[in-house]
Amino acid sequence: MSVKGMADILPEESWKWEKIRSLFLENARRFGYKLIETPIVEHADLFIRGIGDGTDIVDKQMYLFNDKKGKHLALRPEGTASAVRSFVEHKYNSELLHKWCYFGPMYRYERPQKGRMRQFHQAGIEAFGVDDPALDAEQIILARELLVGSFGIESVKILLNSIGCPACRPGWQVALVDYFRRYDRELCDNCRRRLDINPLRILDCKVQRCSEIAKDAPAGRNYLCGSCSAHHNKLKQYLSDMNIVFEDDPMLVRGLDYYTKTVFEITTDKLGSQSALIAGGRYNDLVKSLGGKDSPATGWAMGIERIFLLSDIKNASEKTVYFIALDEPSKIVLFKLFASAAKRRNCRFDYKGGSLKSQLRRANGAGAQICAIMGENERIADTLLIKDMKNKTQKLIKIDEFGETL
RNA sequence: GUGGGUAUAGCUCAGUUGGCAGAGCAUUGGAUUGUGGCUCCAAGGGUCGCGGGUUCAAAUCCCGCUAUCCACCCCA
């Protein structure tokens, strides 16, 4: 048995993974995002500092272990912290724009269900060095183009918000705590705890009474500083100008602590409670807090398992030539032809043999378009029988002509 | 971490008040000499999740365990 929450990607479906991966990379590349591969294992501290103490990911979902020297390590639960670590470690110039993308497995210890695995895959993009809301807009446009254009997923919803920056968020947080304290007794257990740890998260609570209370909570908008407010308005303007439909949702907050200003989510209603397909936002302070030179940054991540469940992409099948030998001496001759044809064409050799009927049956099952058949009659005359499976036509050709016939 | 469902052939699932283990699909073979798909016939394929208990007799009833799915929570 495989480990709980960790699934095989079987040969029958691996083509779809390859396709999703390559569509992601192609699209990202067109926007200038270059692939970065970082290790799956990092120092646990990187995620604790990056994602934040008090988040679910850090508190209960990390795969933690010590190596033989006692180093405290973790399987990565997400991609951004690693990318930032690499950006800092290799001293990329934060005066310049750097656009990176990644694709790979992530690990979170939680109960698996539809669209949620313990080993799951994310594709993501990150851009360092620019604080322009137009860049936020670009990333949302790319995200939407992937979902709708490349993966054929309809009816997605874009949710957008700004959660401010260190200059303005504290004021909002204080106001939120003040407000929610008045309803202390009515909030769910969880939210009462959040009051001390992360009051923003109460806005996101799905318990009915909590969300009723949250509806009238102080709106973050009223507390945004000039810079954050202008950033948010410009981003909305860019999206509107592109006719991108979005929902400006003051209740949207995210599960990771590093976000500043823009946060967004692209959701579907087709996957039950696992609604987020792509989520991300701006994290202008993360590079500095992980030891780098102050550098604005923004990015998102996409859940591949969820894309896989929803995407309707088709497998383009290559034409197949199926080789059938009817006796042992023919097999020897035909196998040589097969081995050389397989260098250039999609070929299958029927090793199981048996009657012509059963081999043709297998050829049909394998989806072959053409069969190359050799029995005693053909062999003696130095010929091959070429059968077109679709038109049900067949003709004898000389072995010498076989190469051109293909 | 909490709650619920499920576990029988490779797959999807039936299996009645406890009484010989089933179907469809798939696989393999055949339906007159070496011609596929459709149709027909036949065959192979089982630790009934695991371990206990009750009983003359358990896939079926009881207890425990495990796995898995779904939901909550949280997230992508």
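The basis for the numbers below is simple: all heavy atoms, side chains too, and nothing from hydrogens, waters or symmetry mates. Just so we're on the same page: letters track the sequence lines, and every chain starts at 1. Here the structure is a predicted model, which is why all the values come from computation and not from measurement.
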A:Ile125 CD1 to B:A76 P, straight-line distance once rounded to whole Å: 15 Å
Distance, C1' atom - from B:U17 to B:C25, rounded to whole angstrom: 32 Å
Any A:Gln113 side-chain nitrogen or oxygen under 4.0 Å from OP1 or OP2 of B:C69: no
Options B:C72, B:A76, B:G36, nucleotide nearest the side-chain atoms of A:Arg111: B:C72
Nucleotide of B:A71, B:G34, B:G36 approaching A:Asn364 most closely (side-chain heavy atoms): B:G36
Test item: A:Thr320 side-chain N/O and A:Asn346 main-chain N/O as donor-acceptor pair under 3.5 Å: no
Residue that, paired with A:Glu42, satisfies salt bridge (charged side-chain N to carboxylate O under 4.0 Å, His left out) out of A:Arg76, A:Lys71, A:Arg85: A:Arg85
Check: A:Asn391 side chain, A:Thr393 main-chain N or O, donor-acceptor pair, under 3.5 Å: no
Nucleotide of B:G34, B:A71, B:C73 approaching A:Lys114 most closely (side-chain heavy atoms): B:A71
Residue A:Ile373, side-chain heavy atoms: nucleotide from B:G34, B:A71, B:G30 that is nearest: B:G34
Sugar-phosphate, base or nothing in reach of A:Glu265, heavy atoms under 4.0 Å: nothing
Spacing of the P atoms in B:C40 and B:A71 (rounded, Å): 40 Å
Gap between atoms CZ and P, on A:Arg144 and B:A76 respectively (whole Å): 21 Å
Of the listed nucleotides B:C73, B:A76, B:G34, the one nearest the side chain of A:Glu378: B:G34
Residue mapping more 5' on RNA chain B - nearest nucleotide basis, A:Lys352 or A:Asp388: A:Lys352
Watson-Crick/G-U partner (both atom distances under 3.5 Å) of B:G45: none
hbond_proxy A:Lys357 side chain to B:U35 base (donor-acceptor, 3.5 Å cutoff): no
Nearest-nucleotide comparison on RNA chain B, the residue closer to the 5′ end among A:Ser2 and A:Arg201: A:Ser2
Sugar-phosphate, base or nothing in reach of A:Arg108, heavy atoms under 4.0 Å: base
Pairing of A:Asp327 and A:Arg379 as salt bridge, 4.0 angstrom limit: yes
For B:A76, the Watson-Crick or wobble partner whose two distances fall under 3.5 Å: none
Selected nucleotide, minimal atom distance to A:Glu305 side chain, candidates B:C75, B:U28, B:A76: B:A76
Gap between atoms CD and P, on A:Gln61 and B:G1 respectively (whole Å): 12 Å
Shortest side-chain distance from A:Arg361, nucleotide among B:C69, B:G30, B:C75: B:G30
Separation of the P atoms in B:C73 and B:G18, to the nearest angstrom: 41 Å
Working for ring-ring contact (aromatic ring centres under 6.0 Å, His included), residues A:Phe335 and A:Phe338: CA-CA 5 Å; A:Phe335 184 75; A:Phe338 156 76; 5.7 Å; yes
Identity of whatever pairs with B:A7 - Watson-Crick or G-U, under 3.5 angstrom: B:U66
Touch class at under 4.0 angstrom, heavy-atom based, for A:Met374 against every strand present: nothing
Phosphate-side-chain proximity, A:Lys392 and B:U35, N/O vs OP1/OP2 below 4.0 Å: no
Rounded distance in Å between the C1' positions of B:A23 and B:A67: 26 Å
B:U2: pairing nucleotide in any strand, Watson-Crick or G-U under 3.5 angstrom: B:A71
Atom P, compared across B:U32 and B:A14: separation rounded to whole Å: 40 Å
Sugar-phosphate, base or nothing in reach of A:Leu385, heavy atoms under 4.0 Å: base
Pairing of A:Glu305 and A:Arg116 as salt bridge, 4.0 angstrom limit: no
Separation of B:A76 P from A:Leu252 CG (nearest whole Å): 11 Å
Polar side-chain atom of A:Lys16 near backbone of A:Phe308 as donor-acceptor pair, under 3.5 Å: yes
A:Asp131 with A:Lys261: basic N within carboxylate O range, under 4.0 Å: yes
Identity of whatever pairs with B:C40 - Watson-Crick or G-U, under 3.5 angstrom: B:G30
Euclidean distance for P, B:U66 against B:U28 (whole angstrom): 40 Å
Separation of the P atoms in B:C61 and B:U12, to the nearest angstrom: 22 Å
Partner nucleotide, any strand, of B:G19 [Watson-Crick/G-U, under 3.5 Å]: B:C56
Sugar-phosphate only, base, or nothing, as touched by A:Thr55 at under 4.0 Å among non-hydrogen atoms: nothing
Under-3.5 Å donor-acceptor pair between A:Gln359 side chain and B:U35 base: no
G-U wobble or Watson-Crick pairing nucleotide for B:U35 (cut-off 3.5 Å, both distances): none
Residue A:Leu356, side-chain atoms from C-beta onward, closest of B:U35, B:C72, B:A76: B:U35
Integer-rounded Å distance: B:G36 C1' and A:Asn391 CG: 14 Å
Rounded distance in Å - CD (A:Glu12) to C1' (B:G10): 12 Å
Length of the line joining A:Arg118:CZ and B:C69:P, which is rounded to integer Å: 10 Å
Spacing of the P atoms in B:A57 and B:A21 (rounded, Å): 16 Å
Sugar-phosphate only, base, or nothing, as touched by A:Ala301 at under 4.0 Å among non-hydrogen atoms: sugar-phosphate
Donor-acceptor pair, side chain of A:Ser2 and main chain of A:Ala7, under 3.5 angstrom: no
Spacing between A:Ile380 atom CD1 and B:G34 atom P, to the nearest angstrom: 15 Å
